Amino acid sequence: MAKNITPRATDYSKWYTDVVIQAKMADYSPVKGSMVIRPNGYAIWELIQKYLDLMFKDTGHVNAYFPLLIPESFMKKEAEHVEGFAPECAVVTHGGGQELEESLYIRPTSETIIWSMYKKWIMSYRDLPILINQWANVMRWEMRTRLFLRTSEFLWQEGHTAHATAEEAEEETLKMLNVYKTFAEEYLAIPVIAGRKSESEKFAGAVHTYSIEAMMQDKKALQAGTSHNLGQNFARAFDVQFQNKEGGRQYVYATSWGVSTRLIGALIMTHSDDNGLVLPPKLAQRPVVIVPIYRKDEEKTKVMAYADALYRELSEKHKVIFDDREQYKPGYKFAEWELQGIPLRIEIGPRDVENNKVVLVRRDTMKKDFVDRQAIAAVVDETLPRMQVEMLERARAFQKANTHKVESFDALKDIISGDGGFVSAHWCGDAACETRVKEATKATIRNIPFDRDEEKGACVCCGKPSEGRVIFSKAY
RNA sequence: CGGGGUGUGGCGCAGCCUGGUUAGCGCACCUGCCUUGGGAGCAGGGGGUCGGAGGUUCAAAUCCUCUCACCCCGACCA
């Protein structure tokens, strides 16, 4: 049906790229691995920023901005962090036509530069907590890149907090993961599984890493957000101590948490179809488009007047596109707006003017309805939030239908190498078992869900006792 | 880094094997007419010297050498 888009069934990966390019969300840049985020894609990011920023502020955080360049020595202060990030960093060695005394790393994440500053700012328990977030770009020299999902440079937000106690840091870590979960579900309409990462999958330098994991339409997992309890690792590395009430000195506890433009990829891969992008209404900067249809001039006059009146009426509450371009026929316009994921389309032709109706088409279901002219504003007001909810429900049903409880290694293998999906299975906690599964199936433990049933069992891999089930899946 | 592939108007491709006049096609673009309820049609038009360098030859998009770039599949990652 849609030209230029490979159907999902033919090649999912190609489909994804086609949607991104055709819907004009992003384009390849002259530099390998980096991309241009075009207005259609950036509009989504702006909405993500807007809503998340409010949620951060509501939980007591403030925004700040730290520099792009980090002295090489900073990057080397935290042992695990160096090991985790150094190989994938871009490094500036020259400036002003001269070789620099000390190389500067382009931030892959900002823990080090931020903690070097926190050292200056934190003296006493009265200075705590520090709850700072920053919206920024970061760079990681990835081997293989994919639009939005993994590019060398990407946009994200990173929260970096400092606390007096371990308990408070843990509470913050979980609180922010929950903010991400709420945001993913209520705004992106993406159901996620919140849980703790296994030791091998945790962030370089963290004590615990928590994540939210989403299922894409090809049944692979996508890590949609992470929140790390960094313990005192960075405080030790940067010697950040404070004086407590009792007069003693102790190291500060840290957290960091982030989501990136990858969420746009998640949004596409969760909801879109073979006709292009499907946006949940809350993520559509312009959720309604009006397409006028006419033949003769007299029809045009009537239709345009009718459509224009409706445009004005709806514009009081919504950002509406009035597609009055003369050079395209209606069919072309339908296809174009579908490709771009506009949630609601209103078609107005001579017949509608005659009958005092309009045609309303939902992007997610593609269902067409004739709606009375008088009722349309109310119907739009009511349909947008309903779409939002139904899209989440649909995605949740899909995730549920493709999550399988298994009791044996063979069953796990069958599912992962067969139909795919999430496998909920017992795991003893041993990294060796995790590795064995990965080597046999390429699936990894996505996380250990918070809401798993308290159920004893036997590890699918080694048979030793397990405290509960974890989620295995192939991931992006 | 391993494997595969591709570089020819803006995009997608043909031509290359078997060198030979003005390098062709589809889409897009411009003008006009005609159309408009699912990506219209007709006519006219603008735009490329074939990724780059070197070589062979009377003659190179085509053959040879070198080189650069990008894409896809794997190992690593938000």
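Computed from a prediction, not measured in an experiment: that's the story for all the values here. What you see below is based on every heavy atom in this structure, not just the backbone, and it leaves out hydrogens, waters and symmetry mates. Chain A is the first sequence line, chain B the second, and so forth, proteins listed ahead of strands; every chain is numbered from 1.
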Within 45° cone of [Y] ring axis and under 6.0 Å: [X] NZ or CZ:
{"X": "A/R150", "Y": "A/Y476", "value": "no"}
{"X": "A/K333", "Y": "A/Y328", "value": "no"}
{"X": "A/R107", "Y": "A/F85", "value": "no"}
{"X": "A/R345", "Y": "A/W337", "value": "no"}

With heavy atoms under 4.0 Å as the rule, sort [X] into base, sugar-phosphate or nothing.
{"X": "A/G258", "result": "nothing"}
{"X": "A/V291", "result": "nothing"}
{"X": "A/P292", "result": "nothing"}

Rounded to whole angstrom units, what separation is found between the [atom1] atom of [X] and the [atom2] atom of [N]?
{"X": "A/R325", "N": "B/C29", "atom1": "CZ", "atom2": "P", "result": "11 Å"}
{"X": "A/D369", "N": "B/G37", "atom1": "CG", "atom2": "P", "result": "21 Å"}
{"X": "A/E347", "N": "B/G38", "atom1": "CD", "atom2": "P", "result": "8 Å"}

Close side-chain approach of A/S417 to A/K442, heavy-atom, < 4.5 Å: no
Nearest-angstrom distance, [atom1] atom, [N] to [M]:
{"N": "B/U62", "M": "B/G46", "atom1": "C1'", "result": "28 Å"}
{"N": "B/G48", "M": "B/G7", "atom1": "C1'", "result": "14 Å"}
{"N": "B/A14", "M": "B/G2", "atom1": "P", "result": "28 Å"}
{"N": "B/U49", "M": "B/U8", "atom1": "C1'", "result": "9 Å"}

Summary of protein contacts for nucleotides 72-78 of chain B, nucleotide by nucleotide, where a base hit scores B, a sugar-phosphate-only hit scores S (4.0 Å, heavy atoms): -SBBBBB
Could you spell out the base pairing of RNA chain B as a dot-bracket line? Use Watson-Crick and G-U wobble contacts where both distances are under 3.5 Å, [ ] for crossing pairs, | for partners on a different strand. (((((((..((((......[...)))).(((((.......))))).....(((((..]....))))))))))))....
Counting only side-chain N and O atoms of A/K300, is one of them less than 4.0 Å from OP1 or OP2 of B/U36? no
Tightest non-hydrogen contact, residues A/Q49 and A/Y42, listed as OE1-OH, 4.5 Å
When you measure only distances, ignoring hydrogens and angles, does the side chain of A/E338 come within 3.5 Å of the base of B/G38 through a donor and an acceptor? yes
Any chance you could measure A/K202, atom NZ, to A/S211, atom OG, to the nearest 0.5 Å? 14.0 Å
Distance only, no hydrogens: is a donor on one side chain within 3.5 Å (strictly under) of an acceptor on the other, for A/E83 and A/H81? no
Sort and list the pairs that fulfil salt bridge (Lys or Arg N to Asp or Glu O under 4.0 Å) and have at least one residue in residues 348-367 of chain A, not counting sequence neighbours. A/D273-A/R363, A/K357-A/D372, A/R362-A/D364, A/R362-A/E390, A/D364-A/R394, A/K367-A/D369
